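Start at 1 and go down the list; that is how both ligands and their atoms are numbered. Since we're looking at a predicted model, the values are computed, not measured.
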Amino acid sequence: MIRFARCLVVSTCILLVACMSTSSREDAKAIAITGVTVVYPERDTGTTLADATVLISGNRITAVGPRASTRVPAGAQRIDGSGKWLIPGMIDGHVHFFKSGNLYTRPDAADFNAVVPYAQEVARNKARLPATFKVWLASGVTSVIDVGGPFWNFEVRDAADKSDAAPRVQTTGPLISMVADPPLDGDDPPIVRIDSPDGARALVARELARKPDFIKVWYIHRKGDDLAKQEAIVKAAADAAHAAHVRLAVHATELEVAKSAVRVGADYLVHSVFEEPIDDEFIALLKQHHVLLCPTLFVPSGYGLALSGQWQATPEEQRLADPQILATMHDIEKMPKDKIPPRVAKLVAEKKPSTVSKASLENLKRLEDAGIPIVMGTDAGNIGTLHGPSVFREMALMRDAGLTPLQVLRSATTNGAKAMGRDDLGAIAPGKLADLLLLDADPLADVANLSHATRVIKNGVAYDPAALIAAIR
Ligand SMILES: [Zn+2]
């Protein structure tokens with residue numbers, strides 16, 4: 001596995017700035033969480049340490065041990081962890097900041113330009129980034145990987161690095177795509193059609209100049225397309241990325257296409273195979289090439305629910321999603337009929353059930369049982385999949401697929417850190433970065449308990465989730 005050259009630079013100056021603003025978090029002095037049950041998602045046995053004390057100094061964990069024998073330094077801020085659980089901060093391995101999750105965010109799927117022009121939606125998403133960052137933190141997600149968007153994605157990463165309340169952000173630029181997507185183009189397109197290996201190398205070179213964490217290919221294969229010709233483009237992108245020690249993330253949702261992607265160098269499949277059963281050859285390829293896989297179970301249903309007027313906010317979304325987005329999710333009901341795209345009007349009239357495909361659930365269970373590292377990711381930003389609390393929809397579906405709470409938690413922490421190529425995240429141990437969640441219910445008893453964070457600690461700074469959301473209302 002190729003490691004990233006780039007690491008997030010965390011300076012004390014960021015911490016000092018963090019200390020001076022917003023009332024939603026506490027000072028970044030030494031913190032002692034006492035009497036807490038520490039959870040080790042990376043372990044198969046001995047997954048908890050009860051009645052523990054965890055010490056944080058600056059942005060690092062400095063000690064983890066039994067409360068009786070772990071001395072709390074004088075002056076440390078004490079957080080009473082009795083009756084609570086401590087887990088690593090969660091990582092969403094698949095998000096898109098250029099999209100908001102609302103109805104107006106994918107005019108290629110549903111053209112609502114007559115209601116909200118797409119350029120206005122993109123401008124709104126840019127301007128709203130500070131709130132979107134807070135929503136992620138409030139949901140207990142302390143790192144995200146943006147796997148594709150316009151070149152301004154790199155500014156998103158810079159903004160998160162400089163922000164006092166934001167997740168860590170890894171990112172890539174425009175998708176190297178097999179197809180054009182004109183409704184999204186604007187002056188900084190997120191998706192760029194490439195029709196030759198040379199074209200792929202040229203776009204990768206432009207992105208490498210911005211130090212991407214991944215290069216991303218949108219491997220869309222339609223009936224009649226020449227798979228060998230497409231594969232040569234993917235290989236050119238993979239080789240160019242790898243030559244610069246950057247990994248390749250690929251969207252490939254059909255079995256033959258996903259196999260092709262892995263054969264020529266995909267390091268990270270950002271979706272699973274959705275509609276057909278996977279096979280032994282696929283699993284063997286994933287193992288042979290050390291590929292990580294992000295199943296993104298909910299995102300297709302998100303479109304189906306939102307565009308048929310059936311989307312309903314979950315209790316977690318009501319509590320933790322961006323109120324500005326929640327307020328628009330039912331806009332179809334109040335739109336003039338002549339402004340509703342015909343395809344959407346049909347979906348609303350039919351109100352078909354929008355459930356997750358059986359194949360995608362069964363494939364996930366089979367991949368997990370085969371030992372493939374599964375990375376939790378939502379594809380947040382797509383219509384119906386909101387930034388932040390959609391992680392709880394995703395993890396509930398992973399449970400429904402048959403994963404244990406420990407396996408789901410591991411996908412959202414340990415394996416998320418693997419996807420980021422970071423060994424200083426995703427676990428609770430001395431020397432790791434202090435990205436932690438304090439939960440008031442046992443995450444190993446029920447994945448739903450992962451939404452019960454009373455404190456979110458990112459980079460050694462403790463935040464109150466409710467205060468983060470109150471700050472953006
Ligand atoms: Zn995506």
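For F97 and F133, the ring centers are positioned less than 6.0 Å apart.
For R210, the CZ atom is densely surrounded, since the number of other residues' heavy atoms within 6.0 Å is greater than 12. Applying the 6.0 Å contact sphere to CG of D226 captures more than 12 heavy atoms from other residues, nucleotides or ligands.
Cation-pi geometry between R43 and Y40 is met: under 6.0 angstrom from the ring centre, within 45 degrees of the axis.
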Do any side-chain atoms of residues 109-118 form donor-acceptor pairs under 3.5 angstrom with protein atoms, and if so which ones, sequence neighbours left out?
| from | atom 1 | to | atom 2 | distance (Å) |
| --- | --- | --- | --- | --- |
| D111 | OD1 | N113 | N | 2.9 |
| D111 | OD1 | N113 | ND2 | 2.9 |
| N113 | OD1 | Y118 | N | 2.7 |

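Listed by chain and residue number, the protein N/O/S atoms under 2.8 Å of the Zn ion (ligand 1) are H94 NE2, H96 NE2, D379 OD1, with waters left out.
Using modelled atom types and a 3.5 Å distance limit, the side chains of N102 and S100 yield a donor-acceptor pair.
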